[in-house]
Protein chains: 2
Amino acid sequence: MKSDNKLSSILHVILHLAEHQQAITSETLALYLKTNPVVIRRMMAGLRQAGLVISVKGHGGGWTMAKPLTAISLHDVYQALGAPRLFAQGYRQDAPQCLIEQAVNASLDSAFAEAERLLLQKFIGLSLADIAADFKLRRQQHQATTTQE
Amino acid sequence: MKSDNKLSSILHVILHLAEHQQAITSETLALYLKTNPVVIRRMMAGLRQAGLVISVKGHGGGWTMAKPLTAISLHDVYQALGAPRLFAQGYRQDAPQCLIEQAVNASLDSAFAEAERLLLQKFIGLSLADIAADFKLRRQQHQATTTQE
DNA sequence: GACTCATGTAATAAATTAAGTTACATGAAA
DNA sequence: TTTCATGTAACTTAATTTATTACATGAGTC
């Protein structure tokens with residue numbers, strides 16, 4: 001399966017957005033991801049509807065954050081994206097009457113459901129500010145290593 | 001994303017195999033999954049290499065279990081399949097130098113890695129005999145409900 | 001008001017991957 | 001030697017993500 005990178009992508013975009021004060025255009029954001037502006041708009045559409053970001057058309061327009069990073073969890077972003085599929089493994093259902101198939105899928109489903117609960121709890125507990133803090137730490141360390149020479 | 005159903009499929013096949021005493025051909029197994037015999041052989045190849053099943057060519061040949069279900073965990077099957085990807089979400093890496101991208105991916109990776117550990121622990125703790133037991137329970141219940149009339 | 005900049009979105013193409021199919025080689029039993 | 005069955009490579013099909021193109025809409029500037 002070709003993997004879905006929307007979650008990683010949109011987080012990257014949002015954190016860049018939060019680093020700036022004024023609006024950023026889709027075109028500029030696309031440069032960060034090395035992709036097309038339309039891809040940015042498409043992903044941001046859900047976040048706008050969820051009230052996480054604001055878009056403005058015309059001159060001087062672009063994207064800005066609607067809330068501080070501390071008020072946005074990874075879970076908020078995930079939901080705003082439309083809660084994309086988390087797991088790559090699916091259940092085969094070509095013989096729904098087959099009790100073996102039912103038992104197999106029930107077992108798998110129980111395992112995956114618990115992993116999903118854990119994952120979503122992690123998402124809820126992680127704010128974008130936490131990720132931004134990690135970024136700032138990395139930036140400090142980076143500056144420290146590149147300055148000393 | 002098109003989901004990978006190999007784990008679900010192969011478990012279905014194995015449990016049918018375990019229900020029988022004599023060898024079953026790929027063609028017959030394919031009927032259970034409503035698929036092609038080659039698909040069965042392809043998936044079973046890994047299980048054979050892992051020593052979970054035995055294949056015999058020629059007349060009266062086919063597939064048989066190499067071990068009792070109690071001796072096979074879901075994790076064994078998962079590994080024998082080649083440990084296929086569990087998660088559908090990937091990390092975008094178009095700007096490896098970008099510290100924001102690094103921080104985002106590190107955060108996601110930490111969450112997904114923990115979910116993966118949990119999932120694999122579940123896999124280790126679940127034997128195929130457990131799933132077979134669930135199947136037998138379902139069969140009993142099924143017979144009970146279809147007999148009473 | 002005309003022009004430019006920017007988003008909004010539909011439609012399409014390209015790339016990737018899982019599953020299905022065909023073809024043929026190999027080996028074992030009748 | 002014929003038949004049955006696996007082993008495997010090659011190719012096709014279908015689903016899905018991402019990228020691209022095209023054009024409509026709206027907001028600010030001249």
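Chain naming here is simple, since letters A, B, ... match the order of the sequence lines and numbering starts at 1 in each. Below, all heavy atoms of this structure are taken into account, side chains as well, without hydrogens, waters or symmetry copies.
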Report task. Find out whether L7(B) and L74(B) are in side-chain contact, i.e. whether some heavy atom of one side chain is under 4.5 Å from a heavy atom of the other. Result ->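 SC-SC contact between L7(B) and L74(B) confirmed.
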With the threshold set at under 4.0 Å for non-hydrogen atoms, list the residues of [range] touching DNA chain D in residue-number order.
range: residues 60-68 of chain A; answer: none
range: residues 32-46 of chain B; answer: V38(B), R41(B), R42(B)
range: residues 51-58 of chain B; answer: S55(B), V56(B), K57(B), G58(B)

Interatomic distance, [X] [atom1] vs [N] [atom2] [rounded to whole Å]:
X: L7(B); N: dA18(C); atom1: CG; atom2: P; answer: 14 Å
X: N5(B); N: dA15(D); atom1: CG; atom2: C1'; answer: 12 Å
X: E27(B); N: dT22(C); atom1: CD; atom2: P; answer: 13 Å
X: Q93(B); N: dT18(D); atom1: CD; atom2: P; answer: 14 Å
X: I24(A); N: dC5(C); atom1: CD1; atom2: C1'; answer: 17 Å
X: R85(A); N: dT18(D); atom1: CZ; atom2: P; answer: 14 Å

If you compare every side-chain N and O of [X] against the phosphate oxygens of [N] (OP1, OP2), does one of them come in below 4.0 Å?
X: K2(A); N: dT18(D); answer: no
X: R48(A); N: dT7(C); answer: no
X: K6(B); N: dA19(C); answer: yes
X: S26(A); N: dT7(C); answer: yes

What donor-acceptor contacts under 3.5 angstrom involve side-chain atoms of residues 41-55 of chain B, with partners at least two apart or in another chain?
| residue | atom | partner | partner atom | Å |
| --- | --- | --- | --- | --- |
| R41(B) | NE | S26(B) | OG | 3.4 |

Query raised in the report: Tell me, which pairs form a ring pair (Phe, Tyr, Trp, His ring centres under 6.0 Å) where one or both residues lie in residues 36-71 of chain B, sequence neighbours left out?
Result: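 Qualifying pairs, neighbours excluded: none.
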Report task. For residues 15-42 of chain B, pull every pair meeting ring pair (Phe, Tyr, Trp, His ring centres under 6.0 Å), keeping only residues two or more places apart or in separate chains. Result ->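 Every ring pair (Phe, Tyr, Trp, His ring centres under 6.0 Å) pair that includes a residue of residues 15-42 of chain B, provided the two are not neighbours, is H12(B)-H16(B), H16(B)-Y32(B).
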All side chain to side chain donor-acceptor pair (under 3.5 Å) counterparts of [X], not counting sequence neighbours:
X: T25(B); value: T28(B)
X: Y91(A); value: D109(A)
X: S107(A); value: none
X: E114(A); value: K122(B)

Report task. Using the salt bridge (Lys or Arg N to Asp or Glu O under 4.0 Å) rule, collect all pairs that involve residues 129-144 of chain B, keeping only residues at least two apart or in two chains. Result ->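 Sorted pair list: E19(B)-R139(B), D134(B)-R138(B).
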Report task. Could you list all the salt bridge (Lys or Arg N to Asp or Glu O under 4.0 Å) pairs where at least one residue sits in residues 88-98 of chain B, not counting sequence neighbours? Result ->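 As it turns out, the salt bridge (Lys or Arg N to Asp or Glu O under 4.0 Å) pairs with a partner in residues 88-98 of chain B, which skip direct neighbours, are R92(B)-D94(B).
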Report task. List the atom of L15(B), the atom of L128(B), and the distance in Å for their closest heavy-atom pair. Result ->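 Answer, listing the atom of L15(B) first, then L128(B): CD2-O, 4.1 Å.
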Query raised in the report: What nucleotide, of dG20(C), dC4(D), dT18(D), holds the atom closest to the side chain of R92(B)?
Result: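 Looking only at side-chain atoms, R92(B) lies closest to dT18(D).
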